[in-house]
Structure formats: structure tokens, C-alpha cells
Peer 1: 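Below you will find the structure I want to go over with you.
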Amino acid sequence: MDKTIPTYQIDGRWRIARANDAFCRTFRCTELSLIGRDVRELLREDWRLDFRAYVARALVGVGDVEATLPLVAPCGERGWFKHHLEPLMENGMLAGYRASIQPKVVALADAPKRWWEWRALAPRLVWDFDAEQLSRAS
């Protein structure tokens with residue numbers, strides 16, 4: 001992984017577990033000040049639901065797992081960042097997520113999609129159970 005790309009990692013409880021030097025420079029903070037913080041605290045409050053929908057999309061592997069989200073640095077500075085999120089699996093279980101970010105200039109004409117706009121684009125997932133599985137479940 002390129003160390004010049006700002007990257008952070010969150011655990012299954014949405015807490016920041018790791019942040020590289022590039023991320024800390026971007027947000028003018030230290031990794032120690034980020035460890036254990038809820039990642040949603042870095043999001044602008046009105047976009048937190050969008051982030052939850054975004055994480056859910058990454059978990060089930062639906063479509064493109066990139067989104068443009070507004071972040072608020074611990075020092076109070078604000079900006080738009082393009083996120084690329086990937087789930088981290090250990091022994092077939094979700095261990096957390098790794099996200100890389102890139103600063104982005106957002107024009108009014110190019111407004112980021114909100115969570116409800118993604119729903120129409122997502123393919124429907126169908127759970128395929130065989131007769132034996134259905135009889136055990138009932």
C-alpha cells in the first residue's frame with residue numbers, strides 16, 4: 001500500500017484502529033489522538049447516515065465502494081474527501097474496514113449522491129436457500 005495516500009482503519013465497532021502519517025498530516029493531528037475515536041465523529045453530522053449506508057454497501061460488495069463525504073478534522077477544519085472503502089476479513093469474519101481518502105473539490109453542479117440515491121442503482125440480492133436449509137430454519 002502506498003504510504004503517501006491518507007489511509008485509516010476502523011474496527012467492527014466503528015472505532016479508528018490505525019491511521020497512517022499521510023492521514024494524520026491531512027487532518028493535522030496525531031495517530032494517538034485518533035485511536036479509539038468513533039469514525040463518525042469525523043463526519044459532518046448531516047452525512048452520518050450516508051456513511052452507514054456506504055459501509056453497508058462495502059460489506060455486501062454492491063457496486064462501486066467509493067463515495068464523496070464531508071469530513072471535519074479534530075482541529076475544526078472541514079473539507080470534502082473521496083473515500084475508497086474495503087472490508088477487512090479475518091478467518092471469514094469481518095474484522096473492520098480500511099479507507100483511503102483523497103481531497104476533492106465539490107462543485108454545486110456535481111453534488112455527491114446521498115444514500116437514498118444509491119438504492120435505485122444497487123442490484124437486488126437474492127438469498128438462495130435449498131429445501132434442506134428451509135426445513136432446518138422452520
Side-chain angles (χ1 to χ4, degrees):
M1 180 178 295
D2 188 349
K3 293 183 180 191
T4 61
I5 297 173
T7 304
Y8 67 93
Q9 197 170 319
I10 57 176
D11 63 20
R13 297 175 303 139
W14 302 66
R15 304 275 180 212
I16 297 175
R18 196 173 290 143
N20 70 1
D21 289 336
F23 185 87
C24 293
R25 278 193 309 275
T26 301
F27 282 86
R28 296 189 177 112
C29 61
T30 63
E31 183 181 34
L32 192 57
S33 69
L34 292 174
I35 300 293
R37 284 184 77 167
D38 190 314
V39 71
R40 293 167 290 192
E41 292 174 14
L42 297 180
L43 288 157
R44 207 172 74 191
E45 194 169 333
D46 60 328
W47 278 76
R48 290 179 183 170
L49 186 58
D50 294 77
F51 185 74
R52 290 176 62 108
Y54 172 55
V55 169
R57 286 172 50 88
L59 180 59
V60 297
V62 175
D64 193 4
V65 288
E66 288 189 351
T68 300
L69 301 167
L71 295 179
V72 181
C75 65
E77 289 186 32
R78 299 166 180 266
W80 289 91
F81 290 84
K82 181 177 168 186
H83 275 69
H84 176 78
L85 190 74
E86 62 180 294
L88 299 173
M89 307 299 276
E90 286 181 11
N91 300 326
M93 301 290 290
L94 178 67
Y97 300 90
R98 179 180 325 146
S100 56
I101 63 169
Q102 176 183 4
K104 184 174 182 183
V105 175
V106 175
L108 289 178
D110 185 29
K113 287 193 182 298
R114 300 301 301 257
W115 69 272
W116 56 82
E117 296 174 301
W118 289 340
R119 292 177 64 185
L121 303 175
R124 298 203 184 278
L125 297 177
V126 177
W127 296 96
D128 188 16
F129 295 105
D130 62 22
E132 182 180 336
Q133 291 169 318
L134 288 174
S135 65
R136 281 187 303 207
S138 54

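Remember, it's a predicted structure, so these values are computed and weren't measured experimentally.
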Peer 1: Before giving the answer on side chain to side chain contact (heavy atoms under 4.5 Å, CB included), spell out for Leu43 and Leu71 the whole-Å C-alpha distance, their side-chain angles and the decisive distance to 0.1 Å.
Peer 2: CA-CA 4 Å; Leu43 288 157; Leu71 295 179; 3.5 Å; yes
Peer 1: Without swapping roles, check the side chain of Arg48 against the backbone of Arg40 for a donor-acceptor pair under 3.5 Å.
Peer 2: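 It does hold such a pair.
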Peer 1: Find the distance between CD1 (Ile10) and CG (Leu88) and round it off to the nearest 0.5 Å.
Peer 2: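 These two atoms lie 9.0 Å from each other.
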Peer 1: Tell me every residue that passes side chain to side chain donor-acceptor pair (under 3.5 Å) with Glu41, counting only those two or more places apart in sequence or in another chain.
Peer 2: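 Expected list: Arg37.
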Peer 1: Taking atom NZ of Lys104 and atom OG1 of Thr68, what is their separation to the nearest 0.5 Å?
Peer 2: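 With rounding to 0.5 Å, NZ (Lys104) is 3.5 Å from OG1 (Thr68).
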Peer 1: With no hydrogens and no angle check, is any side-chain donor or acceptor of Glu31 less than 3.5 Å from a backbone partner on Ala19?
Peer 2: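 Yes.
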Peer 1: Of all the heavy-atom pairs spanning Leu85 and Tyr97, show the shortest one and how long it is.
Peer 2: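 Minimum heavy-atom separation between Leu85 and Tyr97: CD1-CB, 3.8 Å.
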Peer 1: Which pair of heavy atoms, one from Pro70 and one from Trp80, lies closest together, and at what distance?
Peer 2: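 Minimum heavy-atom separation between Pro70 and Trp80: CD-CZ3, 3.4 Å.
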Peer 1: Mind checking whether Tyr8 and Phe27 have ring centres under 6.0 Å apart?
Peer 2: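 No: the rings miss the under 6.0 Å criterion.
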Peer 1: Report the C-alpha separation of Phe23 and Arg18 in whole Å, then their side-chain angles, then the decisive distance to 0.1 Å, and conclude whether the side chain to side chain contact (heavy atoms under 4.5 Å, CB included) test is met.
Peer 2: CA-CA 10 Å; Phe23 185 87; Arg18 196 173 290 143; over 6 Å; no
Peer 1: Just by distance, do the side chain of Asn20 and the backbone of Thr7 share a donor-acceptor pair under 3.5 Å?
Peer 2: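 It does hold such a pair.
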Peer 1: Minimum heavy-atom separation for Ala17 to Asp11, with atom names?
Peer 2: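 The answer is CB-N, 4.5 Å.
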Peer 1: To the closest 0.5 Å, what do you measure between CZ (Arg15) and CD1 (Ile35)?
Peer 2: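 Between Arg15 CZ and Ile35 CD1, I get 12.5 Å after rounding to 0.5 Å.
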Peer 1: Using every non-hydrogen atom in the two residues, find where Ile5 and Ser100 come nearest and quote the distance to one decimal.
Peer 2: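 Of all heavy-atom pairs spanning Ile5 and Ser100, the closest is CG2-CB, 3.7 Å.
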Peer 1: Does any N or O in the side chain of Asn91 come within less than 3.5 Å of the main-chain N or O of Met93, such that one atom is a donor and the other an acceptor?
Peer 2: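 No: the side chain of Asn91 does not pair with the backbone of Met93.
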Peer 1: Roughly how far, to the nearest 0.5 Å, is the CD atom of Gln102 from the CZ atom of Phe81?
Peer 2: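 Output value for this atom pair is 10.0 Å.
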Peer 1: Could you check if a side-chain atom of Ile101 sits within less than 4.5 angstrom of a side-chain atom of Lys82, using non-hydrogen atoms only?
Peer 2: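 Not touching, per the 4.5 Å side-chain cut-off.
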Peer 1: Flag the pair Trp14 / Arg52 as yes when at least one side-chain heavy-atom distance between them is below 4.5 Å, and no otherwise.
Peer 2: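 Sidechains of Arg52 and Trp14: in contact.
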Peer 1: When rounded to the nearest 0.5 angstrom, what is the spacing between CG in Leu34 and SG in Cys29?
Peer 2: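 The SG atom of Cys29 is 4.0 Å from CG of Leu34, to the nearest 0.5 Å.
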Peer 1: Should we say atom CG of Asp21 is surrounded by more than 12 heavy atoms from elsewhere, each under 6.0 Å from it?
Peer 2: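 Result for CG/Asp21: open.
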Peer 1: Show the numbers, then the answer: is there a side chain to side chain contact (heavy atoms under 4.5 Å, CB included) between Ile16 and Gln9?
Peer 2: CA-CA 6 Å; Ile16 297 175; Gln9 197 170 319; over 6 Å; no
